[in-house]
**Student:** 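To start, I am sharing the structure in question, which I have written as structure tokens.
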Amino acid sequence: MSRVLTAFCADDGRPVAALEAELRPHEQVQAQAHAGRRRRHFILGRLAAHSAIHQLGVGATELWIAADTVGAPAVAGSDAGVAISIAHSGLLAIACAWATQAGRGRRIGIDVERLRPTDIASSRYAFSPRERQLVRATDVDGSCAGLLAWVAKEAAWKAIRFSADVGPDALEVRGFDPDGLTATVIERRRREGEHDARKTFLVRLRVLAGPDGEYVVALARERTGR
Amino acid sequence: MTREEMFDVVKANMSTIIEGARGKEISEKQSMKDFGADSLEMVEVVSRSMKQCRRKIKRTELAQAKNLGDLLDLLEKAPEATAVTV
């Protein structure tokens, strides 16, 4: 099983120019296309990604984070064979990096949300009837269970790298154990141009302390083999 | 509801849910991401706005809204419901 390294970057309130100075030149140009909180998220996400790539032992100075054809972050500038996923919420950015080979890489995605009261568990946009029933059936408080299920689903969505115009109905949470912090998410709609078997993602959830409270992190990995 | 009234609903929900939108001018050309919204915040804003405007938008259509103007187009186009649970 390939190693997946994760790294965090918390917003310490430094001026945006100071944060931006730590980015690669290409990334600085990209960051300037954004403003306000989105710009800070963009920068923190890239810094977290560089930290995760560094932990993999890749010569990170020659790499920068660009965007792939659907706008998802992707490593550019080298043939090092590294893939990444980035997420941010509130004052925290998180990224994961893993080694990959062209055409043979596993699909992995990460998501994070600040733990807070939410009514997403009852949202018909976010969840199918079966998913809402699955969330309701747990012993965990509905607000927390809904948030955990959403983060799991988002991590799988990022792993598939759907384009932005694909909604949450493209995936479905099938297994959900909020006490054990695990979930299983299946692909209901294939990504355009792909004809292989529908994918299943195993999701590990964890709760961690952020600068302004607790955050939930989900790491989704495509299940391979039988 | 008129488009302006629906926009007021959306803006009010954004100000409540998205920290980066509080006290900011919000235009139809902007997206919730411009205010630093995460995916959960965006879903919450949309869900509450549909409920308050008594409109239901299909998930497949909603995913294609690139900015607030697109969201308002969908809300305007959607038939008014007697009761909406989102």
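On a predicted model such as this, the values are computed, not experimentally measured, just so you know. Any value given below was found using the heavy atoms of this structure, including those in side chains, with hydrogens, waters and symmetry copies removed. Chain identifiers are assigned alphabetically (A, B, ...) following the order of the sequence lines, protein sequences preceding nucleic acid strands; residue numbering begins at 1 within each chain.
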**Student:** R116(A) versus chain B, heavy atoms under 4.5 Å apart: side chain, backbone, both or neither?
**Tutor:**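 Contact with chain B is through the side chain of R116(A) alone.
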
**Student:** Which distance, rounded to the nearest 0.5 Å, do you find between the NE2 of H34(A) and the NZ of K33(B)?
**Tutor:**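 Interatomic distance, H34(A) NE2 to K33(B) NZ, rounded to 0.5 Å: 9.5 Å.
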
**Student:** Quick check for you: among L40(B), L62(B), V43(B), which has the greatest number of heavy-atom pairs under 4.5 Å with chain A?
**Tutor:**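 The answer is L40(B).
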
**Student:** Relative to chain B, which segment of A126(A) carries a heavy atom at a distance below 4.5 Å: side chain, backbone, both, or neither?
**Tutor:**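 Its backbone and side chain both get close to chain B.
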
**Student:** Could you tell me whether R114(A) and D38(B) make a salt bridge, using a distance below 4.0 angstrom between a side-chain N and a carboxylate O?
**Tutor:**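 Answer for the salt bridge query: no.
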
**Student:** Non-hydrogen contacts under 4.5 angstrom with chain A: give the residues of residues 10-18 of chain B involved, or none if there are none.
**Tutor:**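 Contacts with chain A: I18(B).
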
**Student:** For the OG atom of S47(B) and the CG atom of D119(A), what is their distance to the nearest 0.5 Å?
**Tutor:**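 Here the interatomic distance stands at 7.0 Å.
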
**Student:** Taking all non-hydrogen atoms of both residues into account, name the closest pair between G20(B) and R37(A) and its distance.
**Tutor:**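 For G20(B) versus R37(A), the nearest heavy atoms are N-NH1, 3.5 Å.
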
**Student:** Are S89(A) and E41(B) close enough, and set up right, to give a side-chain contact (heavy atoms from CB on, under 4.5 Å), and what steps lead you there?
**Tutor:** CA-CA 10 Å; S89(A) 174; E41(B) 290 168 333; over 6 Å; no

**Student:** Going by residue number, which parts of residues 64-73 of chain B are within reach of chain A, meaning a heavy-atom gap below 4.5 Å?
**Tutor:**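 Contacts with chain A: Q64(B).
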
**Student:** Measure F127(A) against the heavy atoms of chain B and call it side chain, backbone, both or neither at under 4.5 Å.
**Tutor:**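 Only the backbone of F127(A) comes within 4.5 Å of chain B.
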
**Student:** Counting heavy atoms not belonging to D139(A), are there more than 12 under 6.0 Å from its CG?
**Tutor:**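 For D139(A), atom CG is not crowded (no more than 12 foreign heavy atoms under 6.0 Å).
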
**Student:** What distance do E19(B) atom CD and L91(A) atom CG have between them, rounded to the nearest 0.5 Å?
**Tutor:**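 Result: 7.0 Å between the selected atoms.
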
**Student:** Under 6.0 Å from the CD atom of E5(B), do we count more than 12 heavy atoms belonging to anything else shown?
**Tutor:**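 It does: E5(B) CD has more than 12 such atoms within range.
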
**Student:** Taking all non-hydrogen atoms of both residues, which atom of P117(A) and which atom of E44(B) are closest, and how far apart?
**Tutor:**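 Scanning both residues completely, I find the closest heavy atoms to be O-OE2, 4.3 Å.
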
**Student:** Quick check: do R124(A) and M50(B) have side-chain heavy atoms less than 4.5 Å from each other?
**Tutor:**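 Contact flag for R124(A)/M50(B) side chains = no.
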
**Student:** Over all heavy atoms of both residues, which pair between G36(B) and H41(A) is shortest? Give the atoms and the distance, please.
**Tutor:**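 It is O-CE1, 3.3 Å.
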
